[in-house]
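Indexing begins at 1, ligand by ligand and atom by atom, following the structure's order.
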Amino acid sequence: MSSGRLSHLLKGVLVLLPAAVIVAGTRSKLWEVPTGPFASSSNQTESLQWEHCQYRHLQDRVRITADIPPRLDGTWVSTRCEVRPGPEFLTRSYTFHSHRHFQALQHYYTESSCEDPAYSLTIRGKIRLLQASWITRGATEAEHHLSSVGIVLHSVAAKQRLASRLPPACVSLSISEAVPGKPYELYSSRAGRACLAAMGFSVAEMGLLRVETQRRSHGGEVRELFLGDIHTDWAQRTQHQPTGYQQPLQNAMHHIHPCPVCALVYRSSEQRPPVLPRAPAVPLSLAGHWVSQRCETRPNVLFLTRDFTFDPSQHVWEGVYRHYVDSACSQPTFTLSALGHYAQGNPSSKLSGATEFVFKVTQVKVTAMDESTAKLLNGTRPGKCGRARDWRVGVEQDLTPTNGCPMLGIKLPHKEYELFKMELDHRKHLLLFTGERPTDGSSPDRPLRRPTSFQAPMVLCSEGETRPSFSTFSGKQVQLAGGTAGLEKLALLVFGSALCGWLGVY
Ligand SMILES: *[C@@H]1O[C@H](CO)[C@@H](O)[C@H](O)[C@H]1NC(C)=O
Ligand SMILES: *[C@@H]1O[C@H](CO)[C@@H](O)[C@H](O)[C@H]1NC(C)=O
């Protein structure tokens with residue numbers, strides 16, 4: 001990155017994130033919370049979704065609060081079979097006691113419906129909340145200390161698979177001699193961490209926490225625990241310091257009803273792993289208009305909502321990504337609208353029930369939503385990033401004539417390899433899962449980089465809605481070719497990498 005470009009980016013970041021500067025200087029103070037536009041306990045209303053998906057969400061008007069520091073006590077459980085990069089399939093039941101002790105139960109499975117348990121881990125330790133995160137607004141940083149990790153194998157086949165991955169003699173446990181159903185120590189204060197490292201084991205997720213409480217208009221309360229994200233690159237996993245979240249666990253006493261999976265996971269133990277009922281297969285049908293269910297947090301300081309429209313008859317799609325400064329998605333910075341074609345591929349061989357796709361982005365439009373972003377874009381060289389010197393707040397600019405915007409990391413056309421799946425939620429409404437973005441901010445622009453896990457699911461607003469922009473777009477003959485650079489990389493470059501490099505966080 002040239003120094004000129006960097007200084008442009010930094011200018012933007014400095015203007016955009018004044019609170020980060022303030023907090024960086026006063027970091028030692030416990031519970032010092034970013035000041036200015038950021039509140040420690042924010043009452044969030046999901047007004048954004050309602051704008052775009054009115055009829056569905058008005059009924060479930062919810063009020064969300066997130067306290068810093070969060071109250072962790074209680075048991076928190078998975079609400080579905082979770083998929084981690086790899087892919088790995090698991091369910092989790094984490095219990096936090098008073099006096100900082102925790103017990104995290106993780107059940108691993110051989111397949112994507114969590115019907116065939118392979119092994120369970122019981123992780124015991126202590127957690128200490130440190131301070132409000134000044135990287136991921138709304139989160140709390142914590143440190144943990146492990147006291148023991150135990151393993152129970154659930155089948156001979158699971159034992160053989162694990163034995164092939166681990167050193168022959170793992171501490172007190174020689175996996176090849178282990179008896180299914182019997183607990184073994186994988187780690188304790190006496191023994192080393194060799195086995196844990198070989199398994200790619202990490203509870204780095206405990207380093208970043210957020211608890212959201214939703215109060216529903218009809219009186220119910222739902223509590224969700226967000227823990228740090230898992231790096232999409234296996235090799236980076238144990239070193240990773242999370243800045244985003246995994247899908248939340250729900251409090252066993254305050255979850256969305258009905259949740260048959262919650263009850264099964266809650267009642268499980270390391271010797272009796274939950275066997276989830278097979279979910280009905282949901283055929284993929286993308287037609288319609290899909291939106292985020294909440295303000296989503298991405299690794300590297302990104303808060304956004306997504307809004308996708310697919311028209312399968314023409315194989316065209318549009319994605320609108322609204323970016324914000326804050327974890328409540330209340331202060332917009334810019335909106336990115338991408339258009340292109342897509343092709344449905346084969347069912348995934350790694351993840352049964354999921355389908356491979358290829359997406360092509362041929363047109364990108366950006367709207368600066370605040371003064372500092374408009375200024376940042378206005379500083380680009382003529383012919384490089386839309387109409388030079390013509391960026392104004394709230395006025396959309398087409399980046400297609402300039403083939404993208406190098407300063408924002410957008411180069412058109414652009415191709416991405418995707419993985420989608422569909423499920424039903426507790427109300428039997430369709431959920432769309434799209435592939436997780438690579439944690440390092442790169443783009444899945446090669447088949448080998450195709451995701452093996454998913455982002456937060458989106459909900460269907462309306463079927464078959466076709467937007468006016470589609471007709472103009474699909475009438476245009478666009479030459480599609482391979483390309484590089486990502487959409488969300490844009491935001492990473494502007495707000496992520498620059499911020500990290502400058503503050504020396506990583
Ligand atoms: C958030 O809502 C609660 C009640 O639901 C209220 O007591 C509290 O003062 C509100 N906090 C803010 C920051 O508005
Ligand atoms: C962009 O640049 C033009 C020309 O220098 C200027 O008139 C305009 O005010 C600038 N816009 C912003 C948002 O800074």
Those residues at least two apart in sequence (or on a different chain) that pass side chain to side chain contact (heavy atoms under 4.5 Å, CB included) with Glu221 are Thr213, Arg215, Arg223, His254

Give a yes or no on whether the ring-centroid distance for Tyr342 and Phe308 is below 6.0 angstrom. no

Phe303 ring center near Tyr324 ring center (under 6.0 Å): no

Got the residues with a heavy atom under 4.0 Å of ligand 2, by chain and number? Glu371, Ala374, Lys375, Asn378, Arg389, Trp391

Of the non-hydrogen atoms in Gly244 and Thr297, which two are nearest, and what is the gap between them? CA-CG2, 4.4 Å

For Pro87 against Lys350, the heavy-atom pair lying closest together: CG-O, 3.7 Å

CG of Leu431 to CD of Glu423: how many Å apart, nearest 0.5 Å? 7.0 Å

